[in-house]
Colleague: 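Provided herewith is a single structure, encoded as structure tokens, for subsequent inquiry.
As a basis for the values below, the full set of heavy atoms in this structure was taken, side chains included, without hydrogen atoms, waters or symmetry mates.
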Amino acid sequence: MGALRDYLAQSFPPESKFKVEDIPDLTGKVIIVTGGNTGVGYEIIKALLPKNAKVYMASRSEAKAKAAIAKLKEETSKEALFLQIDLSDVESIKQAAEEFKTKETELHVLFNNAGVMIPPFEKMTAQGFDLQFGTNVLGPYVLTKRLLPLLLSGAQSSPDHKARIVNTSSSAQMFTNTIDLATAKEGPARSKAGNAKMYLYSKFGTVVLSNEFARRYGEQGIVSTSLNPGNLKTDIVRDTPRLFMLLFGWLFSAPPFGALTPLWAGVSPETVDMNGKYLIPWARVGKTRPETTDPKLGTELWNFLEAETKE
């Protein structure tokens, strides 16, 4: 009952005290937003560009990204930069990180925004992982690890000596108390878990991983936060059963609302010391499940990802 109570409470948040207009000038800041060509990612970039940030739209489809970049230029008179990446393919992630390193020497904010929700269960990543676990947990782990040297450089050069990693989870993480790593690949455990539970595991894992980055790199200037952006009508619900959306779609908000909490986490001076925190709609500090803060579970997930990806 506690999880359901918290879910409903976060589904009807109070009006945000943080507004897009509160974002400070970001001249000199280099930022990556994964999944930036649509939904919340698009709204994040739309808010950052007028504040003079240099923003890379990290997306899988070049055609969709370029169309989004052109639309953003019309709306903001500023131009985002395209970075091709497929978070369901480790080799694509490595290539994207190496390409980015040829263009920049510092990174100040990484929005791990992209994700998938309840895709066809037979779909797997290029390396044979469950698509939700691979895209929502393993992919962001590899990308963040590969970009850590640039994030650390960004922290050193910033006036506040901080660089930020913003990890998008979901209210779904409240409905499980662990992540069964035996389900990460094809097998009886994954089949038994099913699609919906794999989504819960992946979003729970996002919080666990965010907290582990906070533990390991906080003293070096990294601020790693995780968040629930809210129940949102974006492309991520495209594979959600129609009956669910018919029954509960009225709980969902428009993408601009979903951008408020990640923007607050990523660029607001108010959140510069919130390493390891979990944020909720709209732009508030919230409580996550206590199990996500267990260092033992964090180490277990980290060691698994490290072994599987050779990072």
Colleague: For N167 and S224, test the side chains for any donor-to-acceptor distance below 3.5 angstrom and give the result as yes or no.
Modeller: yes
Colleague: For the side chain of D22 and the backbone of K19, is there at least one donor-acceptor N/O pair under 3.5 Å apart?
Modeller: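 Answer holds: yes.
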Colleague: Counting only N and O atoms by type, is there a donor-acceptor contact under 3.5 Å from the side chain of S226 to the main-chain atoms of S210?
Modeller: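 Looks like no, no N/O pair under 3.5 Å.
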Colleague: When you compare the side chain of M124 with that of L131, does any pair of heavy atoms fall below 4.5 Å?
Modeller: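 The answer is no, as the side chains (C-beta and beyond) never meet within the 4.5 Å cut-off.
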Colleague: So do the side chains of T178 and E291 get within less than 4.5 Å of each other, counting heavy atoms only?
Modeller: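 They are not in side-chain contact.
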Colleague: When rounded to the nearest 0.5 angstrom, what distance separates CG in L138 from CZ in F129?
Modeller: 5.0 Å
Colleague: Starting from the C-alpha separation in whole Å, work towards a yes-or-no answer on side-chain contact (heavy atoms from CB on, under 4.5 Å) for K145 and E306.
Modeller: CA-CA 10 Å; K145 278 294 294 290; E306 191 173 69; 4.3 Å; yes
Colleague: Is the distance between the ring centroids of Y56 and F82 under 6.0 Å?
Modeller: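 Aromatic pair excluded; centres sit 6.0 Å or further apart.
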Colleague: Test N228 against T261 for side-chain contact (heavy atoms from CB on, under 4.5 Å), laying out the working first.
Modeller: CA-CA 8 Å; N228 166 24; T261 307; over 6 Å; no
Colleague: Counting C-beta onward and ignoring hydrogens, is there a side-chain heavy-atom pair between Y141 and E311 closer than 4.5 Å?
Modeller: yes
Colleague: K185 versus F133: any side-chain heavy-atom pair under 4.5 Å?
Modeller: no
Colleague: Using distance alone, with no hydrogens and no angle criterion, decide if S157 and E106 have a side-chain donor and acceptor under 3.5 Å apart.
Modeller: yes
Colleague: Among S88, S170, S202, which residue satisfies the side-chain hydrogen bond (donor to acceptor under 3.5 Å, both in side chains) criterion with N136?
Modeller: S202
Colleague: Can V90 be reached from L147 by stepping across I, L, V, M, F, W or Y side chains whose heavy atoms are under 4.5 Å apart?
Modeller: yes
Colleague: Aromatic rings W302 and Y217: how do their planes relate, parallel, tilted or perpendicular, breaks at 30° and 60°?
Modeller: tilted
Colleague: With no hydrogens and no angle check, do the side chains of E75 and Y42 hold a donor and an acceptor under 3.5 Å apart?
Modeller: yes
Colleague: Determine whether F304 and T309 make a side-chain contact, defined as any pair of heavy atoms from C-beta on separated by less than 4.5 Å.
Modeller: no
Colleague: Tell me whether L209 is reachable from I222 by hopping between hydrophobic residues (I, L, V, M, F, W, Y) whose side-chain heavy atoms are closer than 4.5 Å.
Modeller: yes
Colleague: Kindly indicate whether the side chain of I69, heavy atoms from C-beta on, has any atom under 4.5 Å from the side chain of M57.
Modeller: yes
Colleague: Do F18 and W282 have ring centres separated by under 6.0 Å?
Modeller: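 No; W282 has its ring centre 6.0 Å or more from that of F18.
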Colleague: State, with a plain yes or no, whether a side-chain heavy atom of R60 is found less than 4.5 Å away from one of I85.
Modeller: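 When only atoms from C-beta onward are counted, I85 and R60 do not touch, as no gap falls below 4.5 Å.
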Colleague: Just by distance, no angles: are the side chains of E270 and W264 close enough, under 3.5 Å, to form a donor-acceptor pair?
Modeller: yes
Colleague: For residues I93 and V137: do they belong to one hydrophobic cluster (side chain heavy atoms under 4.5 Å, members Ile, Leu, Val, Met, Phe, Trp, Tyr)?
Modeller: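 Looking at the clustering, V137 is in the same group as I93.
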Colleague: For residues N195 and Q132, is any side-chain donor paired with an opposing acceptor at under 3.5 Å?
Modeller: yes
Colleague: Mark yes or no: R190 above the aromatic ring of F121, with NZ or CZ under 6.0 Å from the six-membered ring centre and no more than 45 degrees from the axis.
Modeller: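 Yes, a cation-pi geometry holds between R190 and F121.
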Colleague: Report yes or no: do N112 and T144 form a side-chain donor-acceptor pair below 3.5 Å?
Modeller: yes
Colleague: Could you grab the distance from atom CZ of F175 to atom CZ of R289, nearest 0.5 Å is fine?
Modeller: 9.5 Å
Colleague: Any non-hydrogen side-chain atom of S158 less than 4.5 Å from a side-chain atom of H108?
Modeller: yes
Colleague: Taking K203 for the side chain and T168 for the main chain, is one N or O donor matched with an acceptor at less than 3.5 Å?
Modeller: yes
Colleague: Can you confirm whether E98 is buried at CD, in the sense that more than 12 heavy atoms of other residues, nucleotides or ligands lie under 6.0 Å from that atom?
Modeller: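 Enclosed.
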Colleague: So if you build clusters from Ile, Leu, Val, Met, Phe, Trp, Tyr with side-chain heavy-atom gaps below 4.5 Å, do L81 and I45 land together?
Modeller: no
Colleague: Assess, by modelled atom type and distance only, whether the side chains of Q173 and Y201 contain a donor and an acceptor separated by less than 3.5 Å.
Modeller: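 Checked: Q173/Y201 side chains show no N/O donor-acceptor pair below 3.5 Å.
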Colleague: Would you say R164 and T271 are linked by a side-chain donor-acceptor pair, where the criterion is simply a distance under 3.5 Å?
Modeller: yes
